[in-house]
Amino acid sequence: MINKSVHNAETAIQGIVDNMVIMLGGFGLCGIPENCIEALIKSGVKNLTCISNNAGVDEFGIGLMLKNRQVKKMISSYVGENHEFERQLLSGELEVELIPQGTLAERIRAGGAGIPAFFTPAGVGTEVAIGKETRIFEGKTYLLEHWLKADYAIVKAWRGDTLGNLIYKGTARNFNPMMATAATITIAEVEELVPAGELDPNQIHTPGIYVNRIFEGKNYQKRIEHKTTLTK
Amino acid sequence: MALDKNQIAQVISREIKNGDYVNLGIGIPTLVANFIPANIDVVLQSENGLLGIGPFPAIDHIDPDLINAGKQTITMATGASLFSSADSFAMIRGGHVDLTILGAMEVSENGDIANWKIPGKMVKGMGGAMDLVASAKNIIVAMQHKSQDGKSKFLKNCTLPLTGQRCVKKVVSDLGVFEILPEGGFLLIEYAPQVSIDEIKQSTEGKLFISDNVKEITF
């Protein structure tokens with residue numbers, strides 16, 4: 001049987017070289033590929049274009065890659081938690097493309113689904129619309145947005161099997177399922193890796209066809225940005 | 001007395017109807033959840049992939065894999081469901097969410113909203129706000145009427161980069177409740193206790209109309 005499992009993050013990121021476009025799953029620090037980010041930092045690869053909803057925080061996630069000056073361009077929807085990002089952006093050291101979150105999600109979905117472009121109302125009449133084709137459907141104006149694809153996608157799931165089938169947990173799903181479909185090579189890191197056949201086919205979120213390499217990550221920190229409780 | 005943040009949230013909570021699916025933005029809108037009456041059933045949507053936001057967790061039940069759009073730890077309400085960001089914005093873009101409540105830095109008399117960028121100063125990004133305002137069936141904005149240095153945020157035209165055009169239906173500020181008229185203008189329908197209409201006039205740069213049935217907000 002096909003076996004896509006690799007030993008660890010260092011092996012999984014083989015082939016990611018300078019100037020590539022990579023997608024990284026997660027919303028905030030929730031559902032981010034912690035092991036692969038650490039391996040990318042160790043590898044020293046640079047001039048990356050990173051597509052990710054957020055840019056981590058100063059001390060964790062993609063924020064560490066920014067600090068290490070490995071990122072040439074970020075494509076994101078919200079980067080408010082990262083001061084180093086804001087500093088690099090305002091000083092012109094970092095390129096950034098800010099995209100409405102739903103448009104970002106759909107552009108990635110389109111990239112994986114073979115749809116080169118689509119119309120969406122988000123951003124009509126704003127600076128997001130500058131230079132974009134518009135069209136009116138049923139009296140409402142829409143913007144033409146193009147698919148997004150990457151050389152590598154790195155996603156994080158809760159459980160996975162050796163065929164690359166993935167199950168996510170809670171709101172850690174977020175951008176991971178679409179990113180898994182939209183790259184030439186998709187790497188999945190999971191908290192628990194099981195042999196094919198052990199996951200219930202009814203429960204699988206990402207079918208293994210999209211995943212090229214999978215490994216069981218270790219030492220997940222799962223940092224929380226805002227710990228809020230009933231008792232405060 | 002101008003309303004405080006909790007009072008603004010409480011006034012907005014009166015707009016929510018039984019059975020509504022509601023998306024609450026970050027800031028004052030998040031507080032609205034605290035004022036939804038017990039006899040009203042609503043489902044709160046979180047743009048990062050959850051329908052059915054529950055209360056904050058007890059300290060021993062924190063799950064880092066369960067957060068809201070503001071990256072706060074949360075729980076799931078009974079009957080909750082989870083999905084991807086693409087599905088989340090499909091339900092937003094598809095017009096399935098009944099009500100969107102969000103904050104703003106500026107609104108204009110024709111319903112434009114600016115809340116994501118101050119050029120050269122603040123570049124946090126629009127997150128899901130542009131998608132929400134472009135597609136929501138009903139949008140209510142919660143905001144302060146004036147900036148900290150006393151400038152009106154109820155404008156003829158927004159000065160900051162827009163988040164969306166002609167989309168806001170109603171604004172609740174610390175001074176009152178305003179409908180945006182289809183032909184342009186803020187229609188005052190309720191004013192905060194002991195706030196004079198003169199004060200509201202002076203604080204509003206855009207066109208202001210006073211409803212014939214204008215009344216004081218009561219709690």
Side-chain angles (χ1 to χ4, degrees), chain A residues 27-31 53-55 76-82 85-86 89-90 96 98-106 108-109 120-128 140-143 158 168-178 205 220-232, chain B residues 26 46-50 53 55-76 80 82-93 112 114 116-117 119-135 161-167:
Chain A
F27 181 94
L29 300 180
C30 185
N53 187 56
N54 309 96
S76 304
S77 88
Y78 189 81
V79 293
E81 287 90 0
N82 192 319
F85 181 103
E86 205 158 340
L89 175 57
L90 290 173
V96 68
L98 290 167
I99 299 177
Q101 192 174 160
T103 300
L104 179 63
E106 193 63 15
I108 298 167
R109 198 194 73 78
T120 178
V124 169
T126 75
E127 59 186 58
V128 166
K140 185 169 169 170
T141 307
Y142 294 80
L143 288 185
W158 177 40
Y168 307 94
K169 177 171 161 272
T171 53
R173 191 181 319 184
N174 55 65
F175 280 80
N176 286 297
M178 296 82 77
H205 297 127
Y220 281 102
Q221 296 189 33
K222 295 196 182 183
R223 287 203 197 174
I224 293 170
E225 284 181 59
H226 304 292
K227 193 175 282 179
T228 41
T229 61
L230 275 179
T231 47
K232 297 266 146 95
Chain B
I26 297 163
S46 197
E47 67 184 14
N48 54 323
L50 168 65
I53 305 174
F56 291 135
I59 192 111
D60 52 345
H61 280 85
I62 289 174
D63 179 355
D65 291 327
L66 213 46
I67 62 168
N68 63 18
K71 283 96 177 176
Q72 295 173 308
T73 47
I74 49 164
T75 59
M76 290 189 278
L82 294 156
F83 36 85
S84 72
S85 303
D87 286 333
S88 177
F89 283 93
M91 65 182 73
I92 289 166
R93 203 184 299 107
D112 294 352
W116 75 280
K117 184 179 184 182
K121 219 169 167 186
M122 188 203 85
V123 273
K124 293 182 188 307
M126 65 292 278
M130 284 193 183
D131 309 89
L132 281 159
V133 301
S135 300
L162 292 187
T163 307
Q165 269 184 324
R166 299 179 176 274
C167 53

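The sequence lines fix the lettering, A, B, ..., with proteins before strands; numbering per chain opens at 1.
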When heavy-atom pairs shorter than 4.5 Å are enumerated against chain A, which of [options] gives the highest number?
options: B:G127, B:A129, B:P55, B:S135; result: B:G127
options: B:A114, B:S46, B:G128, B:G49; result: B:G128
options: B:A69, B:G164, B:A80; result: B:A69

Shortest non-hydrogen contact between A:M178 and B:A86, atoms and distance: CE-N, 3.4 Å
All heavy atoms of A:P177 vs all of B:S84, minimum pair found to be CG-CB, 4.0 Å
Relative to chain B, which segment of [X] carries a heavy atom at a distance below 4.5 Å: side chain, backbone, both, or neither?
X: A:N54; value: side chain
X: A:V96; value: neither
X: A:I99; value: backbone

Any non-hydrogen side-chain atom of B:F89 less than 4.5 Å from a side-chain atom of A:E106? no
Relative to A:Y78, does B:K124 satisfy both conditions: NZ or CZ under 6.0 angstrom from the six-membered ring centre, and within 45 degrees of the ring's axis? no
So, the side chain of B:R93 versus the backbone of A:G102: is there a donor-acceptor pair under 3.5 Å, distance only? yes
Which residue, B:K117, B:M130, B:Q165, forms the side-chain contact (heavy atoms from CB on, under 4.5 Å) with A:T126? B:M130
Among B:I74, B:I67, B:T73, find the one that has a side-chain contact (heavy atoms from CB on, under 4.5 Å) with A:T228. B:T73
When heavy-atom pairs shorter than 4.5 Å are enumerated against chain B, which of [options] gives the highest number?
options: A:K140, A:R109, A:K169; result: A:K169
options: A:G28, A:C30, A:G123, A:S76; result: A:C30
options: A:S77, A:A122, A:A105; result: A:S77

Tell me, for B:T163 versus chain A, whether the close heavy atoms (under 4.5 Å) come from the side chain, the backbone, both or neither. backbone
Name the region of B:N68, side chain, backbone, both or neither, that has any atom closer than 4.5 Å to a heavy atom of chain A. backbone
Once you round to the nearest 0.5 Å, how far does [atom1] of [X] lie from [atom2] of [Y]?
X: B:Q72; Y: A:E225; atom1: CD; atom2: CD; answer: 10.5 Å
X: B:S88; Y: A:F27; atom1: OG; atom2: CZ; answer: 9.0 Å
X: A:T229; Y: B:I59; atom1: OG1; atom2: CD1; answer: 4.5 Å
X: B:S85; Y: A:Q101; atom1: OG; atom2: CD; answer: 6.0 Å
X: A:N174; Y: B:F83; atom1: CG; atom2: CZ; answer: 12.0 Å

Are there more than 12 heavy atoms of other residues, nucleotides or ligands under 6.0 Å from atom [atom1] of [X]?
X: A:R223; atom1: CZ; result: yes
X: A:H226; atom1: NE2; result: yes
X: A:K222; atom1: NZ; result: yes

Applying side chain to side chain contact (heavy atoms under 4.5 Å, CB included), run through B:D65 and A:W158 and close with a yes or a no. CA-CA 10 Å; B:D65 291 327; A:W158 177 40; 5.6 Å; no
Determine, step by step, whether A:L98 and B:M126 satisfy the side chain to side chain contact (heavy atoms under 4.5 Å, CB included) criterion, reporting the C-alpha distance in whole Å, the side-chain angles of both residues, the deciding distance to 0.1 Å, and the verdict. CA-CA 7 Å; A:L98 290 167; B:M126 65 292 278; 4.0 Å; yes
Tell me every residue that passes side chain to side chain donor-acceptor pair (under 3.5 Å) with B:D131, counting only those two or more places apart in sequence or in another chain. none
State which residues pass ring-ring contact (aromatic ring centres under 6.0 Å, His included) with A:Y168; sequence neighbours excluded, sorted by chain then number. A:H205
